[in-house]
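What follows is a single structure, written as structure tokens, with notes after it.
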Number of protein chains: 2
Amino acid sequence: MGLSLPKFDSVFSIDCVIFGFDEGELKILLIERNEEPFKDWWALPGYIVEQDESIDHAAERILYELTGLRGIYMDQFYTFGDVNRHPQGRVITVSYYAMIRLSGSKDLKPVSNYASKAVWIPVNDLPKLAFDHEKIFSKGFDKIRHKISYQPIAFELLPEKFTLTQLQNLYEVILNKKLDKRNFRKKMLNYGILKELDEKQKGVSYRAAKLYKFDKRKYSKLFQKEITFGK
Amino acid sequence: MGLSLPKFDSVFSIDCVIFGFDEGELKILLIERNEEPFKDWWALPGYIVEQDESIDHAAERILYELTGLRGIYMDQFYTFGDVNRHPQGRVITVSYYAMIRLSGSKDLKPVSNYASKAVWIPVNDLPKLAFDHEKIFSKGFDKIRHKISYQPIAFELLPEKFTLTQLQNLYEVILNKKLDKRNFRKKMLNYGILKELDEKQKGVSYRAAKLYKFDKRKYSKLFQKEITFGK
DNA sequence: TTACTTAGTGTAATAAATACACACTATCTT
DNA sequence: AAGATAGTGTGTATTTATTACACTAAGTAA
């Protein structure tokens, strides 16, 4: 195709802030780079957008290559385009956050060419990151903190069946504040978007809690009854 | 600089949804293209990002070239990167919304090379737009509709001194719903972010209303006391 | 059987949101 | 100057949502 547009030495990339919730902690997936620049540094997973793929597709592809998972909840949140954000040239990066269900400690597929390993690291314990990835992470974290208070994204991080205590813990770690148990339950159950199951938690050495499921159909019906929490 | 990164025939652009509020109507600034593709179509103002400028800078530059204004409230909201969104090649576009005070009917600076004219058009009366610009507009509009209910962005569209009725009208057109006058005033004044002036509206043929100013300092003090409206 | 750990529950007080209607005031007209 | 017009400005009662707060029940482990 004849391209009459100017051409630049510029590159697009995608960077992903991939959240997981495990053992009561909110974590993100970081990779250790095995290439310059920033060889041996920790970085957000990301890669270059191919010429013939959409940016959403690129984001899904990167996540798939890294984790072997498809159909993950992802959302684009910001594009970083400072001139010198990459030491080797002009790279504009579109950032996405993703949410992964870490039921138990799931093993990830081996990692692609540019990284030697991928590790889940608690958000409260992050190392220094390559490029401007700290800025990217922090904007992504702000974004989900905001979003969790009006959209049911928390369920993307929990196993399909979960207890109200697990749900509350997740809200607490994302919002970074304690919530009152009774009020939390009252409010959450009142939305009518949880289905109470006939099952109980297993393998705990104390009274087992009831399990619940997120009821997507009921949620869609109520549709724009937005959720509010942590105000 | 030696660039070891792959090079693509890809181009970045910026597109802007520029909002203004005038005569009780919410409008956006559209240009009529005088170049192919989409010659003679209406489009959002936008242009290509230069190689040595940040995307924020590009957005400000484009707005300046189009309107002669600087220091305008702008915010990036989404990046559109479908493969075929531009018929002549791969163009990824980062979109911004901006808010302009249209006190009276302000004349705009003449428009740059790629457009024959720029016109303010009510959002309820938009023509078909070039490229995927309808999608871009609509996402931008959703964004400000959401944002206005927790951030004081409405004031960016009003003259420095405004009446409560003007403010309420603006909320109403953005949220596309009627609000109750008494409740609106009570709530708005309660936030304590408006300064009542000793002045009144002029040039109206009926009882003149009191003028108010947005009190940025008080707002910053209350800081994250988010505003809610239209629920 | 006892100790331990977490699950599960209700009510009262306060704050916020909603619904609702009329008198006042400045200007314009005649 | 009297009346018409058009928008300003105000209060209260009701409903709904939010907050604060502490004990008993159930299951497991020793």
Side-chain angles (χ1 to χ4, degrees), chain A residues 23-25 148-150 152 158-159 161-173 175-213 222 224-231, chain B residues 21 23-25 148-150 158-159 161-173 175-213 222 224-231:
Chain A
E23 295 173 352
E25 280 190 308
I148 202 180
S149 62
Y150 65 96
L158 292 172
K161 301 168 182 184
F162 52 84
T163 69
L164 289 177
T165 303
Q166 287 170 333
L167 183 60
Q168 184 180 341
N169 284 345
L170 177 52
Y171 270 91
E172 287 177 342
V173 301
L175 297 172
N176 194 30
K177 67 162 80 155
K178 276 278 179 207
L179 300 173
D180 178 84
K181 182 159 66 159
R182 278 175 292 191
N183 294 337
F184 181 87
R185 286 166 178 242
K186 196 191 335 173
K187 196 170 173 182
M188 194 51 89
L189 292 172
N190 249 356
Y191 287 127
I193 59 175
L194 296 185
K195 184 190 282 171
E196 184 178 332
L197 302 176
D198 280 337
E199 263 176 282
K200 298 206 161 177
Q201 218 177 5
K202 281 193 180 127
V204 289
S205 66
Y206 44 81
R207 174 181 181 183
K210 275 187 227 159
L211 291 171
Y212 292 81
K213 251 180 153 167
L222 305 180
Q224 278 323 27
K225 194 193 179 181
E226 291 191 333
I227 281 174
T228 13
F229 258 105
K231 289 278 168 67
Chain B
F21 182 59
E23 297 174 350
E25 281 191 306
I148 201 180
S149 62
Y150 65 95
L158 291 172
K161 300 170 181 181
F162 52 84
T163 68
L164 289 177
T165 302
Q166 287 170 332
L167 183 60
Q168 183 180 341
N169 283 345
L170 177 52
Y171 271 90
E172 288 177 340
V173 300
L175 297 172
N176 194 29
K177 67 161 80 153
K178 276 279 179 205
L179 300 173
D180 179 85
K181 182 157 67 156
R182 278 175 291 191
N183 294 338
F184 181 86
R185 285 165 179 242
K186 197 189 334 175
K187 197 169 171 183
M188 195 48 90
L189 293 173
N190 249 357
Y191 287 128
I193 59 174
L194 296 185
K195 184 189 284 170
E196 184 178 334
L197 303 176
D198 279 338
E199 262 175 282
K200 298 205 162 177
Q201 218 178 6
K202 283 195 177 125
V204 289
S205 68
Y206 44 80
R207 175 179 180 183
K210 276 187 225 161
L211 291 171
Y212 291 81
K213 251 178 150 169
L222 305 180
Q224 278 324 26
K225 194 192 181 180
E226 291 191 334
I227 282 175
T228 12
F229 259 104
K231 290 276 168 66

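From a predicted model like this one, the values you see are computed outputs, not experimental measurements. First the proteins, then the strands, lettered A, B, ... as listed; each starts at 1.
Comparing A/Lys186 and A/Lys200 by the nucleotide of DNA chain C that holds the closest heavy atom to each, the one mapping nearer the 5' end is A/Lys200. Mapping A/Tyr206 and A/Arg182 onto DNA chain D via the closest heavy atom, the residue that lands nearer the 5' end is A/Arg182.
Within the 4.0 Å cut-off from OP1 or OP2 of C/dG8, at least one side-chain nitrogen or oxygen of A/Arg185 is found. A close approach under 4.0 Å does occur between a side-chain nitrogen or oxygen of A/Thr165 and OP1 or OP2 of C/dA7.
Terminal axes of the helix from C/dT1-D/dA30 to C/dT30-D/dA1 (five pairs each, C1' rotation axis) are separated by 10°, to the nearest 10°.
Counting heavy atoms from C-beta on, the side chains of A/Asn169 and A/Thr165 come closer than 4.5 Å. A/Leu194 has its side chain within reach of A/Phe162: a pair of non-hydrogen atoms, C-beta onward, lies under 4.5 Å apart.
For A/Lys181 against C/dG8, a side-chain-to-base donor-acceptor contact under 3.5 Å is present. Residue side chain B/Arg207 does not reach the base of C/dA26 through any donor-acceptor N/O pair under 3.5 Å, judged by distance alone.
Considering CG of A/Leu164 and OH of A/Tyr212, their distance stands at 4.5 Å, rounded to 0.5 Å.
Between the OH atom of A/Tyr191 and the P atom of D/dA17 there is a distance of 9 Å, rounded to whole Å. Rounded to whole Å, the distance from CD on B/Gln201 to C1' on C/dA26 is 11 Å. The nearest whole Å value for the distance from the CG atom in A/Asn169 to the C1' atom in C/dT6 is 12 Å. The separation between B/Phe184 atom CZ and D/dT8 atom P is 12 Å, rounded to whole Å. Atom pair B/Asp180:CG and C/dA17:P shows a separation of 13 Å (rounding to whole Å applied). When the C1' atom of C/dA15 is taken as reference, atom NZ of B/Lys187 falls 13 Å away, rounded to whole Å.
Formation of a donor-acceptor pair under 3.5 Å by the B/Gln168 side chain with backbone atoms of B/Leu179 is found in this model.
Minimum atom distance to the side chain of B/Asn183 is reached by D/dG11, of the listed C/dT5, D/dG11, D/dT19.
Few gaps surround CG on A/Asp180; more than 12 heavy atoms of other groups in view lie less than 6.0 Å from it.
Using a 4.0 Å heavy-atom cutoff across all strands shown, B/Thr163 reaches no nucleic acid atom at all.
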